[in-house]
Number of protein chains: 2
Amino acid sequence: MKENKLSSRKQKILRAVVDEYIRKAAPVSSGEIKAKYFDDISSATIRAELSTLEDMGYLVQPHTSAGRVPAPKAYKYYVENFLDKRPLRRQDIAKIDATFNAKFKEIEEIVRSAAKIISDVTNYTSVIVIKNIANVVIKEIKLVGLDENSALVIIITDGGIIRDKVITVESRLDDNFLSNASLLINKVFGGRKVGDLKSADVEVQKELSDFKELFESVLSILLSYCEQDEAKVFVEGESKILEYPEASLESAKSFLTIIDDKSKIMELLEKEEPDIEFSIKIGKEETKGMDKCAVVAASYTINGKEIGKAGVIGPERMDYGKVISVLSYVRSAVNTIFNSGIKKIDIKKEENND
Amino acid sequence: MKENKLSSRKQKILRAVVDEYIRKAAPVSSGEIKAKYFDDISSATIRAELSTLEDMGYLVQPHTSAGRVPAPKAYKYYVENFLDKRPLRRQDIAKIDATFNAKFKEIEEIVRSAAKIISDVTNYTSVIVIKNIANVVIKEIKLVGLDENSALVIIITDGGIIRDKVITVESRLDDNFLSNASLLINKVFGGRKVGDLKSADVEVQKELSDFKELFESVLSILLSYCEQDEAKVFVEGESKILEYPEASLESAKSFLTIIDDKSKIMELLEKEEPDIEFSIKIGKEETKGMDKCAVVAASYTINGKEIGKAGVIGPERMDYGKVISVLSYVRSAVNTIFNSGIKKIDIKKEENND
DNA sequence: GTTAGCACTCTATGGTTTTGAGTGCTAGCA
DNA sequence: TGCTAGCACTCAAAACCATAGAGTGCTAAC
């Protein structure tokens, strides 16, 4: 960061341009800045400063006789230096808390709620991806008979997260059969990492003559969980992006196309530098061609392991402060739920300083 | 339908206009029709006919010196009279069959797959709503302990449809406790209609001292299923609508706004006349203001009772024949799954006429 | 009833002009 | 040296105008 050395006046002007542009989404002129931010210097002076800021790559002019518009570099500088991490408004906190205070929690539901609340509170499109659960350990697998030929397979993992699915088989599933099968299945799968199952285990099946069909179903569930496109993606509020004036039919199309593509979304949420807390991508090159858009993303963890990411997609001139606060707050709420497993669902209100 | 009395020449012309408009999405002129559809009469004659068709409300002219564009009335006439119920292409049938031949089926999954395949095959946006399950009968409720304080509640209904959810309670959930609770809960809820539970049952609780907490959790799950916004809505392919030339930023906005609003979607899929098989809504007034859009919807049933609707939202000039075929085919596939419960998952290939 | 022919209409296209916001530059001032 | 007033210059957007051509409506004749 060699160019952090902007004079304080330049900083003030740069900030003014970004703030104004965030507010009204139109090029900002020297006169405007003079009127709203400076009593002591003239617009001509500001003009000179703007000109050098442009040379430095912070600003761009749509055309010679227009005001200035922040370049991606300006947003980055803004985020790094001016972002006021003001606390969320009380009503937003209340909304989020309410979302996560409901009683019954399953992983999908938690994630979906999180995505929804992020989108609601920020008023941007939100995206959450859950990584594959390859290194999650299987604690127990339960089989519940539903009728003669079908059963519910419940997979309980070390994080206390459960997933379940109905299977249907040819064999008659009476209680006896099921409990025997259950024993065997748990003997095979219990305590193992989901990621280790892959194909290596096909051998074991041969031992399980009677339960082969059932066993295979369970295995395929496990495999599908760990393979399913490598990750699950949840999107909420996709229409929000259209509400901003920079939206065009073009941009809407490219936006929705990307939103439809899981792998692209995942790349968007990926952070370049591993040590930063929030990944912020601004500018066409970094956002897969979504012009005038920015993506802010944060990681979610269980016991220190990343299990997914949540992000917000909005216009470049988005309210970064708020977005980061929301992501941070929701993250702490979700982390609390995840890390405490299903045992403790209540969110500790005190634990939400990121 | 008093105005069904169009001369066969008028019919041919009307059909020509609709077909051409569906093809190229631009006003069609008398000359064009003459060239492509008639050898025996002149464009002037066609012009005269077009003029009367316009007077009758079937066509509109964007402006005096433009060709004709079908009015909603024309599409309706077209659907009623000209629709060729040609069978689906083999590849489409194969796609749909493949979707529903997968092994594990839960209600949400079935519905989501159905929505996805409809959107894929038609290339329009698809929407499915599942009605509240008020008159579904509870066959059995199973409780599976997950750990000390949480359990999975599995609700099995008469249709063989299951839903489940994790609950967390204060009480210690050992096997004994759970099996006792299970007995009691099934005694109370077993065989009852979900819709009858409402508040009337609060009395019963008092008998269940020990199990009160658990009981309440289960009840609230049941109630939430039957109340949850009255219905669940699934949407797939929302970006598809933008791919058609009539798309504008305006229309995209109004479209996505409606798509975000469950109640509006449900109204869209509602049919006006109870006896028709497919509800087709064309024109701004009928589509909640989505201009140039049409909605085709069909009902899905279990044992003759409507449990939901599936629909397609596309441009007015959509391929109605194909859409109806797809909805029809998917319906029969889904109905087969539903009506046979979880016992028989395989789709009878023969049952897909109508 | 049909049609050829023609006048008419109206959009779409593209060029020209005008306007005004906003800049860049320069000369003069502190 | 830094700031500023003033002014010329630039350029996009709006307003205006002209033209072309697609397509109609009408009418008179068949």
Side-chain angles (χ1 to χ4, degrees), chain A residues 5-14 16-21 23-71 74 245-246 248 292, chain B residues 5-14 16-18 20-21 23-71 74 245-246 248-249 292:
Chain A
K5 319 227 164 200
L6 291 182
S7 72
S8 77
R9 193 169 72 185
K10 279 202 182 55
Q11 288 197 15
K12 190 170 172 194
I13 290 176
L14 183 56
V17 173
V18 176
D19 278 334
E20 281 307 302
Y21 191 74
R23 227 175 38 78
K24 68 188 186 86
V28 338
S29 72
S30 56
E32 234 176 305
I33 297 176
K34 151 84 180 160
K36 292 201 189 169
Y37 296 84
F38 290 91
D39 277 340
D40 47 343
I41 57 173
S42 78
S43 67
T45 312
I46 294 173
R47 226 145 42 225
E49 294 281 44
L50 287 174
S51 186
T52 63
L53 281 170
E54 185 175 354
D55 291 342
M56 295 168 83
Y58 288 103
L59 302 176
V60 276
Q61 257 181 320
H63 55 268
T64 332
S65 68
R68 296 320 201 284
V69 164
E246 44 268 79
S248 68
K292 303 279 154 217
Chain B
K5 319 230 165 199
L6 292 181
S7 72
S8 76
R9 192 169 71 186
K10 279 201 182 57
Q11 288 197 15
K12 190 171 170 192
I13 290 176
L14 183 57
V17 173
V18 175
E20 282 306 303
Y21 191 74
R23 224 175 40 76
K24 68 189 184 85
V28 338
S29 72
S30 55
E32 232 176 308
I33 298 176
K34 152 83 178 161
K36 293 200 188 169
Y37 296 84
F38 290 92
D39 278 337
D40 48 342
I41 58 174
S42 78
S43 67
T45 311
I46 293 172
R47 225 141 49 220
E49 294 280 46
L50 287 173
S51 186
T52 64
L53 281 170
E54 185 176 355
D55 291 342
M56 296 169 81
Y58 289 102
L59 302 176
V60 277
Q61 259 181 318
H63 56 266
T64 332
S65 69
R68 297 316 202 285
V69 164
E246 44 268 78
S248 67
L249 196 60
K292 303 279 156 221

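Here the structure is a predicted model, which means the values were calculated and not measured. Side chains are part of it too, since the values below use all heavy atoms of this structure and drop only hydrogens, waters and symmetry mates. Letters A, B, ... mirror the listed sequences (proteins, then strands); counts begin at 1.
Closest approach of B/Pro62 and B/Gly67 over heavy atoms only: CD-O, 3.4 Å. Contact record, B/Ala71 with B/Gly57: CB-O, 3.5 Å, taken as the closest heavy-atom pair. Contact detail for A/Ser43 and A/Lys34: the closest heavy-atom pair is N-CD, 4.1 Å.
For the side chain to side chain contact (heavy atoms under 4.5 Å, CB included) test with B/Pro27, the passing option among B/Val60, B/Val17, B/Val69, B/Leu59 is B/Val69; the others fail.
A 4.0 Å heavy-atom criterion places the boundary nucleotides of DNA chain C facing chain A at C/dA21 to C/dC25, written 5' to 3'.
Atom CD in B/Glu49 sits about 15 Å away from atom P in D/dC26, given to the nearest Å.
The 5' end of DNA chain C is approached more closely, in terms of each residue's nearest nucleotide, by B/Asp40 than by the other of A/Ala44 and B/Asp40.
A cation-pi arrangement, defined by a distance under 6.0 Å to the six-membered ring centre and an angle within 45 degrees of its axis, is absent between B/Lys12 and B/Tyr37.
Distance check, rounded to the nearest 0.5 Å: CZ of B/Arg9 to CD of B/Glu49 gives 4.0 Å.
Each side chain to side chain donor-acceptor pair (under 3.5 Å) pair with one or both residues in residues 61-71 of chain A, not counting sequence neighbours, appears once here: A/Glu54-A/Arg68.
Residues A/Leu6 and A/Leu53 have side chains in contact (heavy-atom distance under 4.5 Å, counting atoms from C-beta outward).
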The contact string for nucleotides 16-23 of chain D, one letter per nucleotide 5' to 3', using protein heavy atoms under 4.0 Å with B, S and - for base, sugar-phosphate only and none, comes out as ------BS
